[in-house]
Number of protein chains: 2
Amino acid sequence: MGATKSDLFTRQQNEIAAMAKALAHPARIAILQYLVKKNACVCGDLVEELGLAQATTSQHLKELKTAGIIQGSIEGASVCYCINPKTWKQYKELFNGFFKDVDLQNTCC
Amino acid sequence: MGATKSDLFTRQQNEIAAMAKALAHPARIAILQYLVKKNACVCGDLVEELGLAQATTSQHLKELKTAGIIQGSIEGASVCYCINPKTWKQYKELFNGFFKDVDLQNTCC
DNA sequence: TTGTATTATTGCAATATTACGATTAAATAC
DNA sequence: GTATTTAATCGTAATATTGCAATAATACAA
């Protein structure tokens, strides 16, 4: 055991969980907020920005890239990152859809 | 190492990550969707609903309770669960705040 | 009291995540 | 050419998560 039993759940449930997982670390939230704040391609300075080791930062960037929420392009010796607007919109809509339509009156417990 | 270095990040970043973490498993998404669908207190039948062992289900429920997004009340021999409307609203607002205000034009990469 | 039903907790194994030093690879500078 | 810069990857250790069987705890019924 130890591995998530994703076959028990719907594709949508696995999808939402996967998106949430991509956001489930403060370093990755910090990266995304920084990219959003700069609203442009950011080359290099992410390691200093975070305070984590270069290898660790690279790992978090990879996870965000795998999730599709950021994209990177090689710019000479360095790499430039920015938000992937399409995936960002998808995330936004999926979470919006998940959280809306709850009757907040059901305080039965 | 292996533990998240939460002291490197802001309280808000840790908070968003913690919320995302609570949602980062399909079983927990399934539980929340079920509670939302029923829009009422649900007593008992969550174990059958999920297909996971009783111990595992109980563990996921505990995580959601710790995160504050559901609440449970003892109803005789069983326990009734429902969405915590206040926390649900907080989640909704925090994620909305996180995802809004991005200029989707920055396709520079 | 004894038995039954329901949920929580404990203990453990398998797997995943986080973090970092060391190394590698590729572009640029000299 | 060699040195430097930048980022990815490898290897490894520490920690966390997932899952379940077994057990405990609680409420209720007979």
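Letters A, B, ... are given to chains in the order of the sequence lines, protein chains preceding strands, and every chain is numbered from 1.
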- Item | Whole angstrom value for the distance that separates P of dT18(D) from CD1 of Ile31(B) | 11 Å
- Item | Per Ala55(A) side chain, nearest of listed nucleotides dA22(C), dA8(D), dA8(C) | dA22(C)
- Item | Atom-to-atom span, CG of Leu8(A) to C1' of dT18(D) - whole angstrom | 12 Å
- Message: Of the options dT18(D), dA7(D), dC20(C), whose atoms approach the side-chain atoms of Ser78(A) most closely?
- Response: dA7(D)
- d(CG, Asp7(B); C1', dA19(C)) in whole Å: 13 Å
- Message: Quick check: on DNA chain C, is the nucleotide nearest Ser6(B) upstream (toward 5') of the one nearest Ser58(B), or the reverse? Name the residue that is more 5'.
- Response: Ser58(B)
- Message: Using only modelled atom types and a 3.5 angstrom limit, is any donor from either the side chain of Gln59(A) or the base of dA8(D) paired with an acceptor on the other?
- Response: no
- Message: So, OP1 or OP2 of dC20(C): does either fall under 4.0 Å of a side-chain N or O from Lys5(B)?
- Response: yes
- In Å and rounded to the nearest 0.5 Å, what is the CD1 to CH2 distance from Ile70(B) to Trp88(B)? 11.0 Å
- Query: Atom CG of Leu61(A) to atom C1' of dT18(C): distance rounded to whole Å?
  - Reply: 14 Å
- Residue closer to the 5' end of DNA chain C, Gly76(A) versus Glu63(A) (nearest nucleotide): Glu63(A)
- Got a second to check how far Thr87(A)'s OG1 is from Gln71(A)'s CD, nearest 0.5 Å? 7.5 Å
- Query: Lys21(A) side chain N/O closer than 4.0 Å to the phosphate oxygens (OP1, OP2) of dA16(C)?
  - Reply: no
- Query: To the nearest angstrom, how far is Ile70(B) atom CD1 from dT7(C) atom P?
  - Reply: 12 Å
- Message: For Ala22(A), is there any backbone N or O sitting under 3.5 Å from a side-chain donor or acceptor partner on Arg28(A)?
- Response: yes
- Query: Whole-Å distance between dC20(C) C1' and Leu50(A) CG?
  - Reply: 14 Å
- Please tell me which of the listed nucleotides, dC20(D), dA19(C), dA16(D), lies nearest to the side chain of Leu52(B)? dC20(D)
- Message: Please tell me if Thr56(A) has a side-chain N or O lying less than 4.0 Å from either OP1 or OP2 of dC20(C).
- Response: yes
- Task: Examine dT6(C): is either OP1 or OP2 under 4.0 Å from a nitrogen or oxygen in the side chain of Tyr81(B)? Give yes or no.
- Result: no
- Message: Check this one for me: any side-chain N or O of Lys62(A) less than 4.0 Å away from OP1 or OP2 of dA7(D)?
- Response: no
- Can you tell which of Gln12(A), Gln13(A), Arg11(A) makes a side-chain contact (heavy atoms from CB on, under 4.5 Å) with Phe9(A)? Gln13(A)
- Which of dA21(D), dA16(C), dG19(D) is nearest the side chain of His60(B)? It is dG19(D)
- Message: Between Gln54(A) and Ala53(B), which residue's closest nucleotide on DNA chain D lies nearer the 5′ terminus?
- Response: Gln54(A)
- Message: Can you measure Glu49(A) atom CD to dT6(D) atom P for me and round it to whole angstrom units?
- Response: 16 Å
- Nearest heavy-atom neighbours spanning Leu52(B) and Thr57(B): O-OG1, 3.7 Å
- With heavy atoms under 4.0 Å as the rule, sort Ile74(B) into base, sugar-phosphate or nothing. nothing
- Message: Check for me, please, whether Ile31(B) and Val47(B) land in the same ILVMFWY cluster - side-chain distances under 4.5 Å, paths through other members count.
- Response: no
